[in-house]
Novice: 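Just passing along the structure, written as structure tokens.
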Amino acid sequence: MIIGRDFEKIEFSLWGLQLLEPNNLITNFILFTVCMLSYYKVRRINQANDFFRYWGLFYLFFGLSFMFGGLGHGFYNYLGVHGKYAGLLISIGSIYFLERAMLNLLKHKQISFFIGLSKVKLVSALIVELVIFMSMDLKANPQIGLLTPSISSAIGFLTCLGYLPYRYQHQFTRSFKYFYWSLIVFIPNAFIQGMKIRFLPWFDRNDLSHILILIMILLQW
């Protein structure tokens, strides 16, 4: 196990292409597949209801962020840091849809105000991230690009998978408890990524993080 630094990136060849990090490519696409299954699962319930419609959009965009994230890892030799931009921006958008889903269950007078805050947060996060892309050297320090999506996700998850489900379980149904359980599973990611905890070259901090995210999504089923 290594703490505080990364292993060398694993290289492999496929169809004449020189690719990187097959482990990250695989776990990203596993998450993409599970998110797509979640999207179609929610779509079948009730698309006329904003709660289910926005949850479906969350899974759709969350899944797309992992798909582009996996491609960014795998095709880094060809795309460089630019290959990571799409996944990071889409992940910010996905949190907005999660917030819209959960905020729609608030009392009518509160909905407009908090959805307005969510929109301001979305636009602000996208602008900050674009400024980072244009002004910072992400190749020298790729963690800078993760800062804005991480803060946006932390606010969205703590509010919409923590506080609101805890409140809604008393107001609507006890089933909301699975949402804050999923948050509890997700929280160790902050330490895994922040401390760069890695076990094996073929199972790095991103793979461990992806497993926790997979459990988080499955708990929401």
Side-chain angles (χ1 to χ4, degrees), residues 31-32 34-66 87-131 146-191 193-194 209-210 212-221:
L31 282 173
F32 167 71
V34 172
C35 284
M36 291 303 101
L37 291 173
S38 301
Y39 168 64
Y40 287 112
K41 185 178 190 304
V42 172
R43 278 195 64 183
R44 288 197 300 266
I45 298 175
N46 185 356
Q47 277 298 289
N49 185 299
D50 281 343
F51 176 77
F52 295 108
R53 183 164 64 89
Y54 282 117
W55 262 106
L57 289 171
F58 163 68
Y59 287 128
L60 176 62
F61 276 71
F62 205 44
L64 289 174
S65 74
F66 289 116
L88 293 171
L89 292 172
I90 293 171
S91 70
I92 292 173
S94 71
I95 301 303
Y96 167 74
F97 291 118
L98 169 64
E99 292 166 355
R100 286 298 303 265
M102 298 301 285
L103 291 173
N104 270 291
L105 297 180
L106 290 171
K107 292 180 180 179
H108 184 70
K109 291 182 179 180
Q110 297 175 307
I111 291 175
S112 296
F113 174 74
F114 285 105
I115 286 179
L117 285 181
S118 180
K119 289 178 179 179
V120 170
K121 172 176 166 287
L122 169 67
V123 174
S124 300
L126 290 174
I127 291 173
V128 170
E129 189 72 347
L130 288 171
V131 170
L146 292 171
L147 184 59
T148 304
S150 297
I151 293 173
S152 175
S153 297
I155 295 171
F157 284 167
L158 287 172
T159 303
C160 298
L161 294 181
Y163 170 71
L164 288 178
Y166 181 78
R167 175 177 167 179
Y168 291 159
Q169 71 173 342
H170 303 292
Q171 188 176 348
F172 298 109
T173 170
R174 286 287 296 169
S175 296
F176 275 104
K177 65 184 178 182
Y178 294 107
F179 290 104
Y180 60 76
W181 285 1
S182 73
L183 174 64
I184 292 170
V185 169
F186 178 81
I187 286 175
N189 277 314
F191 302 98
Q193 296 291 348
S209 175
H210 291 163
L212 295 181
I213 294 172
L214 176 62
I215 297 171
M216 179 190 80
I217 295 171
L218 293 177
L219 279 171
Q220 294 166 4
W221 280 27

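Just so it is clear, the values below take in all heavy atoms, side chains as well, and ignore hydrogens, waters and symmetry mates. All figures in this text were calculated on a predicted structure; none of them were measured in a lab.
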Novice: Once rounded to the nearest 0.5 Å, what's the spacing between atom CG of L219 and atom CG of L183?
Specialist: 11.0 Å
Novice: Within this structure, what is the CH2-CG distance for the pair W55 and N49, rounded to the nearest 0.5 Å?
Specialist: 13.5 Å
Novice: Just do the side chain to side chain contact (heavy atoms under 4.5 Å, CB included) check on I187 and F157 with the steps written out, would you?
Specialist: CA-CA 9 Å; I187 286 175; F157 284 167; over 6 Å; no
Novice: Tell me, do K177 and Y166 make a side-chain contact under 4.5 Å, heavy atoms counted?
Specialist: no
Novice: Find out whether E99 and T159 are in side-chain contact, i.e. whether some heavy atom of one side chain is under 4.5 Å from a heavy atom of the other.
Specialist: no
Novice: Less than 4.5 Å apart, side chain to side chain, heavy atoms only: is that true for F176 and L105?
Specialist: yes
Novice: Quick one: OH on Y163 to OH on Y180, what's the gap to the nearest 0.5 Å?
Specialist: 14.0 Å
Novice: Any donor-acceptor pair under 3.5 Å linking the side chain of S38 with the backbone of V34?
Specialist: yes
Novice: So how far is it from L31 CG to S209 OG, rounded to the nearest 0.5 Å?
Specialist: 8.5 Å
Novice: Please lay out, stage by stage, how V128 and L147 fare under the test side chain to side chain contact (heavy atoms under 4.5 Å, CB included).
Specialist: CA-CA 10 Å; V128 170; L147 184 59; over 6 Å; no
Novice: For N104 and I111, which heavy atoms make the closest approach, and how far apart are they?
Specialist: O-CD1, 3.6 Å
Novice: Could you state the interatomic distance from CD1 (I155) to CD1 (I95), rounded to the nearest 0.5 Å?
Specialist: 10.5 Å
Novice: Check whether any side-chain heavy atom of Y178 sits under 4.5 Å from a side-chain heavy atom of Q220, and report yes or no.
Specialist: no
Novice: Answer yes or no: does atom CZ of F172 have more than 12 heavy-atom neighbours from other residues, nucleotides or ligands under 6.0 Å?
Specialist: yes
Novice: Would you call F58 and V42 a side-chain contact if the rule is heavy atoms closer than 4.5 Å?
Specialist: no
Novice: Passes side chain to side chain contact (heavy atoms under 4.5 Å, CB included), R100 versus I115? Steps please.
Specialist: CA-CA 7 Å; R100 286 298 303 265; I115 286 179; 3.4 Å; yes
Novice: Find the distance between CG (N189) and NE2 (H210) and round it off to the nearest 0.5 Å.
Specialist: 8.5 Å
Novice: Do you see a donor-acceptor pair shorter than 3.5 Å between the side chains of R44 and Y40?
Specialist: no
Novice: Using every non-hydrogen atom in the two residues, find where S65 and F62 come nearest and quote the distance to one decimal.
Specialist: OG-O, 2.6 Å
Novice: Are the side chains of Q169 and F179 in contact, using a 4.5 Å heavy-atom criterion?
Specialist: no
Novice: Applying side chain to side chain contact (heavy atoms under 4.5 Å, CB included), name anything that partners Q171, two or more places apart in sequence or on another chain.
Specialist: R167, Y168
Novice: Check whether any side-chain N or O of S94 sits under 3.5 Å from a backbone N or O of S91 as a donor-acceptor pair, and report yes or no.
Specialist: yes
Novice: Can you list the residues that meet the side-chain hydrogen bond (donor to acceptor under 3.5 Å, both in side chains) rule with S150, with sequence neighbours excluded?
Specialist: none
Novice: I want to check something: taking the side chain as every heavy atom from C-beta on, are F186 and I213 in contact at a cut-off of under 4.5 Å?
Specialist: yes
Novice: Which pair of heavy atoms, one from G93 and one from L122, lies closest together, and at what distance?
Specialist: CA-CD1, 4.0 Å
Novice: Do Y59 and I217 touch side chain to side chain, with heavy atoms closer than 4.5 Å?
Specialist: yes
Novice: Between M102 and C160, what is the shortest heavy-atom contact and its length?
Specialist: CE-O, 3.4 Å
Novice: Over all heavy atoms of both residues, which pair between I92 and T148 is shortest? Give the atoms and the distance, please.
Specialist: CD1-CG2, 4.3 Å
Novice: Which atoms form the tightest heavy-atom contact between F32 and G63, and what is the distance?
Specialist: CD1-O, 3.2 Å
Novice: Under the side chain to side chain contact (heavy atoms under 4.5 Å, CB included) criterion, do L106 and L164 qualify, and how do the steps go?
Specialist: CA-CA 9 Å; L106 290 171; L164 288 178; 3.9 Å; yes
Novice: Is the count of non-hydrogen atoms from other residues, nucleotides or ligands lying under 6.0 Å from F52 atom CZ greater than 12?
Specialist: yes
